[in-house]
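Pasting in a structure now, in structure tokens, and then I'll have a few things to ask.
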Amino acid sequence: MAIFEGLSSRLQETFQRLRGKGKLTEDDVKEAMREVRLALLEADVNFKVVKQFVEKVRERAIGQEVLKSLTPGQQVIKIVNDELTELMGGTQSRIAQAAKPPTVVMMVGLQGAGKTTTTGKLANLLKKQNRYPLLVAGDIYRPAAIKQLQVLGEQVKTSVFSLGDQVSPVEIAKQAVEHAKMHGFDYVLIDTAGRLHVDEALMDELKQIRDAVQPEEILLVVDAMTGQDAVNVAENFHQQLGITGTILTKLDGDTRGGAALSIRAVTGTPVKFAGMGEKLDALEPFHPDRMASRILG
Ligand code: GDP
């Protein structure tokens with residue numbers, strides 16, 4: 001995977017040196033932590049996140065048991081692995097399920113992040129798990145968005161609920177949930193409008209939809225290629241709307257991985273899925289432990 005390539009090779013070099021040393025001193029650990037810090041900053045990880053991370057690893061690594069052990073280098077690597085996993089949320093976060101169906105999921109995000117595509121991919125994933133999702137065309141402003149969702153619906157072989165572009169998105173969302181209840185759909189995936197930047201009108205509309213349908217999930221779709229911008233967007237959406245998780249798209253692209261490593265720590269909400277390509281089946285559950293192993297090689 002290209003995403004963590006740079007970070008991965010930098011860390012491997014550092015750990016190679018640690019392993020080669022046999023017994024470690026506090027200074028060896030400090031030196032290694034300096035290198036880890038630089039490697040993470042170079043991978044575009046949020047600087048506050050880097051600071052806390054390195055401090056935590058350093059504290060654990062200079063603990064007496066580690067330095068006295070027969071394989072201190074290995075132990076330090078294990079600590080970094082544990083803490084990277086923790087940083088990304090520890091365990092895999094599943095999509096919520098309402099006590100009584102349907103489970104309502106609002107898909108939000110900036111234009112171009114991959115929101116509409118990801119909504120289709122999520123329907124595809126749910127169908128594979130024998131769920132019965134209803135796609136809802138709630139982005140009435142971008143001319144092609146409704147059509148795009150309908151095409152995705154055909155590909156996934158799932159129903160798309162649309163009332164055209166003359167009915168308010170709040171009304172569309174409410175009627176869609178009613179439709180889902182009547183027809184036995186167990187998930188309602190609402191595609192909402194994006195903007196180029198976070199703006200008040202957009203947030204107001206999203207809040208109105210949220211209040212009208214009280215979704216179990218508000219998933220923010222963010223483009224991992226935009227690095228720290230993605231993290232800022234997530235922070236902003238979370239403060240204003242209260243998201244329940246993020247979906248990082250374009251992790252198949254040439255991104256250094258900073259967003260993947262920072263977004264959970266900055267927003268306090270987990271990354272739930274990763275978009276790994278343009279195709280409909282290119283959406284994977286996000287596994288923090290597997291990501292950490294990829295980074296450490
Ligand atoms: P929206 O404006 O947020 O609804 O964005 P779209 O769903 O229209 O997606 C914008 C572009 O990003 C499209 O060309 C998608 O094919 C592409 N895209 C979405 N997700 C991914 C992904 O995970 N990987 C790659 N490589 N492209 C993606």
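It should be emphasised that the depicted structure is a prediction, and the values quoted were computed from it without experimental measurement. Every number for a ligand or one of its atoms is a count from 1 in the order of the listing.
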Applying salt bridge (charged side-chain N to carboxylate O under 4.0 Å, His left out) to Glu171 and not counting sequence neighbours gives none

So, Thr244 versus Glu217: side-chain donor-acceptor pair below 3.5 Å or not?
yes

Looking at every heavy atom in both Ala113 and Thr249, which two are closest together, and how far apart are they?
O-OG1, 2.7 Å

Only counting residues at least two apart or in another chain, list the ones meeting ring pair (Phe, Tyr, Trp, His ring centres under 6.0 Å) with Phe161.
His179

Every residue of the protein that comes under 4.0 Å of ligand 1, judged on heavy atoms
Leu110, Gln111, Gly112, Ala113, Gly114, Lys115, Thr116, Thr117, Lys121, Arg142, Gln148, Thr249, Lys250, Asp252, Gly275, Met276, Gly277, Glu278

Leu219 and side chain to side chain contact (heavy atoms under 4.5 Å, CB included): which single residue from Ile243, Leu189, Ile247, Thr246 fits?
Ile247

ring-ring contact (aromatic ring centres under 6.0 Å, His included) contacts in which one or both residues fall within residues 122-152, not counting sequence neighbours:
Tyr132-Phe185

